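First listed ligand is number 1; within each ligand, the first listed atom is number 1. Index from 1, following the sequence. Owing to the predicted nature of the structure, the values given are computational and were not obtained by experimental measurement.
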Amino acid sequence: MSLVIKGASLLGEQTTDLYVDDAGVLVDSAPDGAEVIDADGLVALPGLVDLHTHLREPGREDAETILTGSQAAALGGYTAVLAMANTSPVTDTAEAATRVWELGREAGLVHVQPVGAVTRGLAGEELAELGLMHRSRAGVTVFSDDGKCVHDARVMRRALEYVKAFGGVVSQHSQDPALAGPSACCHEGELSGRLGLPGWPGIAEEVIVARDVMLARHTGSRVHVAHVSTAGSVEVLRWAKAQGISVTAEVTPHHLLLTTDLLAGYDPTFKVNPPLRPQEDVEALRTALADGTIDAVATDHAPHARHDKEHAFVDAAFGMVGLETALAVVRTAMPDLSWADVARVMSTTPARIAGLADQGRALATGAPAHVVLVEPDAEVTVDREASASLSRNNPWHGRTLRSRVVHTVYGGRVTVRDGHLA
Ligand SMILES: [Zn+2]
């Protein structure tokens, strides 16, 4: 099981060999009988960490399972993913969280960290078993009703107060249901009017982000804003961080590259929540990610079975797959982002937000060997059929993206070798 990773460029800078002992830890010298991985020309980063993955198990194993989602994650260079709670049943008890955690360990390809629901059944009314989930073997620290917004300010306040006691965080899907109801599916603007699609205005996100940063300030607790999509939300975050409020935020790869005009053909592949926005929002999100106003990239990998996605646009399910392409999309959208910054926004900071002490660590002696090796300037044309995910709702199909994940190492175990599951 020991490894020598030969000639990798650490964060795109100095070239070095990395040694991994048979306990899966980075060490100073080459262990005897180690497998040698030739990393000449490859960039080494700490394994990626995704704050926002939908694995669909339990309940929708036709769309994804914990195993297939873990495979997709490994192929994307991930060594940890946070599995969202909107499964069936919902992850709102210690027992349900522990089950997801165990299935992740059985798959053994990435660390699968369950996210606990904020409210029972995602109904937005009574708090779920937050403390019991935290104290379970799964050690849940991130809570989210994602897919739904915790829209009742009183419930959100109580959740923030509760998780503060153990250093937890509430990850909010910011969507005021009065301003953007359940059928809202297209950025509200000239295009939504022309297409006759229910509009999802940016203000529906911004009012919740603004409210939640004030609740974080009031409670002294920590809020995380999932999938930020508008320039207005960025302005609020910039202000809140300047005040020292404990708020962090993520952006998805698709919101960094795709724009609302893709909806002109009514292709449900591009139906996602929050919706794709105009170019000026995309520009603001890129700037905010580069300057640290947005802390992390998170995929919102949302696999859907064909029969849920292939409908008239208004009836199709929201979401797109993204684990396997995330790094390449970020590199394509923001080619000037340094490798140190890529590691910061896709590994180190998400690990810190999620409280995963063994993830996102610098590749130095004594750290667990969670490593991704990337061919930096490869051009890869995405084929949605070439995927470990069970779902094919892939908005990148046919596009050429920059960079390729070549090898992934999770705790010393090679999970991906030469771009294929090991
Ligand atoms: Zn969401």
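Panel note: side chain Asp267, backbone Leu262; no donor-acceptor pair is recorded below 3.5 Å. In this structure, Thr119 contributes its side chain and Gly124 its backbone to a donor-acceptor pair below 3.5 Å.
Atom OD1 is the N, O or S atom of Asp146 at the shortest distance from the Zn ion (ligand 1). The nearest N/O/S atom of His173 to the Zn ion (ligand 1) is ND1. For the Zn ion (ligand 1), the nearest N, O or S atom contributed by His227 is named NE2.
Distances from the Zn ion (ligand 1) show that Asp300 has no N/O/S atom below 2.8 Å. Taking 2.8 Å as the threshold, His52 does not count as a candidate ligand of the Zn ion (ligand 1), since none of its N, O or S atoms lies below it.
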Go through it in stages, so that I can follow the logic: the residues are Thr349 and Asp295, the test is side chain to side chain donor-acceptor pair (under 3.5 Å), and I'd like the CA-CA distance, side-chain angles, deciding distance and then a yes or no. CA-CA 7 Å; Thr349 305; Asp295 302 82; over 6 Å; no
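In this model, no donor atom of one side chain and acceptor atom of the other lie less than 3.5 Å apart for Ser192 and Glu188. In the model, His227 has a side-chain atom that pairs as donor or acceptor with a side-chain atom of Asp146 under 3.5 Å.
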